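As the structure is a prediction and not an experimental result, all values here were calculated from the model.
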Amino acid sequence: MGITGFAADALRSLSTAQRSFIESLPKAELHAHLNGSIPIETLQELAKEYTIDSDDGMSSTLPPDIQTGLARLQSGPTLYDINSFFPLFPAIYFLTSTPRTLARATHAVLDSFLGPTPSPSESTGQLPPSSPQCTYLELRTTPRATTALTFASYLDVVLAEIELYPPEKAALIVSIDRRMTVDVVKEIVKLTIDLKEQGRRVVGVDLCGDPLAGNMHEFAPHFKRAKEAGLGITLHIAETVTNPASETLHFLSWSPDRLGHATFLNEDAKAIVMRDNICVEICLTSNLLCKTVSTLEEHHIRHYLRNNHTIAICTDDTLPFRNSLPGEYALLLATPPLGLGLSEAEVERVAKMGMSARFGCGSGPGPSDDAVTVPDT
Ligand code: 6MZ
């Protein structure tokens with residue numbers, strides 16, 4: 001059985017020539033969460049190895065949600081629908097909570113987006129053959145302290161894998177979860193700035209997590225400090241209909257460089273985003289599957305395309321959403337109602353916009369003055 005879903009269906013609907021066109025386009029993936037992008041095969045391997053390594057019976061003392069998740073991953077059906085996938089996350093986090101397993105997961109994610117590293121590290125074992133999804137990846141992750149990792153060692157492990165690729169291929173964005181305490185936010189921002197000053201491959205800071213959690217006024221000075229240190233700022237903003245407009249305007253006062261989702265911006269917020277040319281990271285499949293947008297027809301991407309505004313097409317979490325960056329581009333090119341029905345020239349311009357919005361490695365060519373026409377469906 002093949003994988004089904006919006007992006008995969010759109011990709012399948014294209015001709016071989018159209019698929020080759022998408023593959024050959026230089027594309028930047030700017031909104032991909034590490035722990036939401038681990039290939040299922042890697043998780044299954046880690047789950048099976050965990051059982052072998054834990055013959056001492058330790059696994060029976062684990063919390064029930066982790067035990068259930070491990071059992072499901074070990075028994076191995078590879079296709080899950082989205083609602084049965086989310087309960088696996090406690091087990092996924094458990095499986096990536098040591099330096100060795102975090103490195104292995106990060107390596108697999110990088111491979112899946114960029115193809116194998118030029119010189120694979122011995123510690124990560126054999127690399128599966130894979131074709132790259134993108135030209136350049138800004139991978140984001142929330143540092144976690146576990147019994148085997150500190151925030152600093154978590155970031156060091158992830159960066160070490162990213163730095164196996166050249167700077168024009170891969171960089172790190174450090175995610176700040178809205179559920180963190182302000183002391184933890186302060187610590188992580190300081191760590192991130194220190195890493196940048198040491199010349200490590202960290203290019204930005206992200207705000208993510210439960211869209212309604214936390215006191216964002218307390219976080220403001222720390223994001224300001226990150227910006228002043230030369231880090232790019234991207235914020236998950238107006239992700240749900242319940243996010244208050246006042247919060248959205250507050251976030252825009254932080255001078256973010258990019259915005260994640262930006263699904264429910266009101267007219268005032270949209271005017272600021274357009275005026276300040278803030279790139280919007282668009283995750284089509286994610287929005288459709290999470291039901292924050294009902295159809296492609298209604299998706300806010302249309303507003304930005306009509307107004308020739310900078311966007312970056314992104315996957316968000318390839319694991320639960322069963323998508324890929326070429327699949328997301330297929331959604332632009334495919335004939336309605338499967339896709340938006342853009343021309344190849346228009347899709348190429350959208351890809352250039354994404355490349356121009358990178359935090360790392362300078363900026364690429366910006367969009368031209370021609371607006372992308374969105375076919376009426
Ligand atoms: C759904 C979850 C999740 O920053 O850790 N993620 N998605 N449900 C959950 N719990 C019930 N816990 C985590 O990656 C964070 C990504 O993992 C997913 C989120 O979609 C988030 O994008 P890092 O690398």
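If you check the side chains of Glu239 and Thr292, you find no donor sitting under 3.5 Å from an acceptor. Looking at Glu138 and Tyr136, their side chains do bring a donor and an acceptor atom within 3.5 Å of each other. Side chains of His33 and Asp317: no donor on one and acceptor on the other come within 3.5 Å. Looking at Arg144 and Thr96, their side chains do bring a donor and an acceptor atom within 3.5 Å of each other. A donor and an acceptor atom, one from each side chain of Thr248 and Asn243, are nowhere located under 3.5 Å apart. Looking at Asp156 and Ser153, their side chains never bring a donor and an acceptor atom within 3.5 Å of each other. Checking Tyr50 against Thr101 by side-chain atom types alone, no donor-acceptor pair falls below 3.5 Å.
No close placement of the His300 and His261 rings is indicated, their centers lying 6.0 Å or farther apart.
Side-chain N or O atoms of Gln133 include one that pairs as donor or acceptor with a backbone N or O of Leu325 at under 3.5 Å.
Leu340 places none of its side-chain heavy atoms less than 4.5 Å from the side chain of Leu331. Phe151 has its side chain within reach of Val184: a pair of non-hydrogen atoms, C-beta onward, lies under 4.5 Å apart.
Taking CD1 of Ile313 as the reference point, atom OG1 of Thr315 lies at 11.0 Å (rounded to 0.5 Å).
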Can you give me every donor-acceptor pair (side chain of residues 206-216, partner residue at least two apart or in another chain, under 3.5 Å) with its distance?
from   : atom 1 : to     : atom 2 : distance (Å)
Asp206 : OD1    : Arg140 : NH1    : 3.0
Asp206 : OD1    : His236 : ND1    : 3.1
Asp206 : OD2    : Arg140 : NH1    : 3.4
Asp206 : OD2    : Ser175 : OG     : 2.7
Asp210 : OD1    : Leu212 : N      : 2.9
Asn215 : OD1    : His217 : N      : 3.0

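Nearest heavy-atom pair across Glu348 and Leu25 is CG-CD2, 3.7 Å. The minimum heavy-atom distance linking Pro116 with Tyr165 is given by the pair C-OH, 3.7 Å. Between Pro336 and Gly341 the shortest heavy-atom distance is CD-CA, 3.7 Å.
Remark: Lys190 does not engage Glu187 in a salt bridge, criterion side-chain N to carboxylate O under 4.0 Å. The pair Asp9-Arg12 meets the salt-bridge criterion, with a side-chain N (NZ, NE, NH1 or NH2) lying under 4.0 Å from an Asp/Glu carboxylate O.
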| said: Could you go through Arg104 and Glu45, starting from their C-alpha distance and side-chain angles, then the distance that decides it, and tell me whether this counts as salt bridge (Lys or Arg N to Asp or Glu O under 4.0 Å)? | reply: CA-CA 10 Å; Arg104 175 104 162 263; Glu45 282 164 23; 3.2 Å; yes
| query | For Arg19 and Glu23, what are the C-alpha separation, side-chain angles and deciding distance, and is it a salt bridge (Lys or Arg N to Asp or Glu O under 4.0 Å)? | reply | CA-CA 6 Å; Arg19 279 201 292 268; Glu23 269 166 34; 5.9 Å; no
| query | Stepwise, does the side chain to side chain contact (heavy atoms under 4.5 Å, CB included) test hold for Glu218 with Lys186? | reply | CA-CA 10 Å; Glu218 287 182 351; Lys186 184 178 176 191; over 6 Å; no
| task | Using the salt bridge (Lys or Arg N to Asp or Glu O under 4.0 Å) rule, take Glu328 and Arg322 through it: C-alpha gap first, then chi angles, then the decisive distance, then the call. | result | CA-CA 11 Å; Glu328 295 299 303; Arg322 312 302 299 164; over 6 Å; no
| task | Assess whether side chain to side chain contact (heavy atoms under 4.5 Å, CB included) is satisfied between Leu43 and Leu319, documenting all intermediate values. | result | CA-CA 10 Å; Leu43 286 173; Leu319 178 65; 3.6 Å; yes
| request: Apply salt bridge (Lys or Arg N to Asp or Glu O under 4.0 Å) to the pair Glu163 and Arg201, showing each step before the final yes or no. | output: CA-CA 7 Å; Glu163 288 162 352; Arg201 194 94 55 73; 5.3 Å; no
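Residue Lys227 qualifies as enclosed at atom NZ: its count of foreign heavy atoms under 6.0 Å is above 12.
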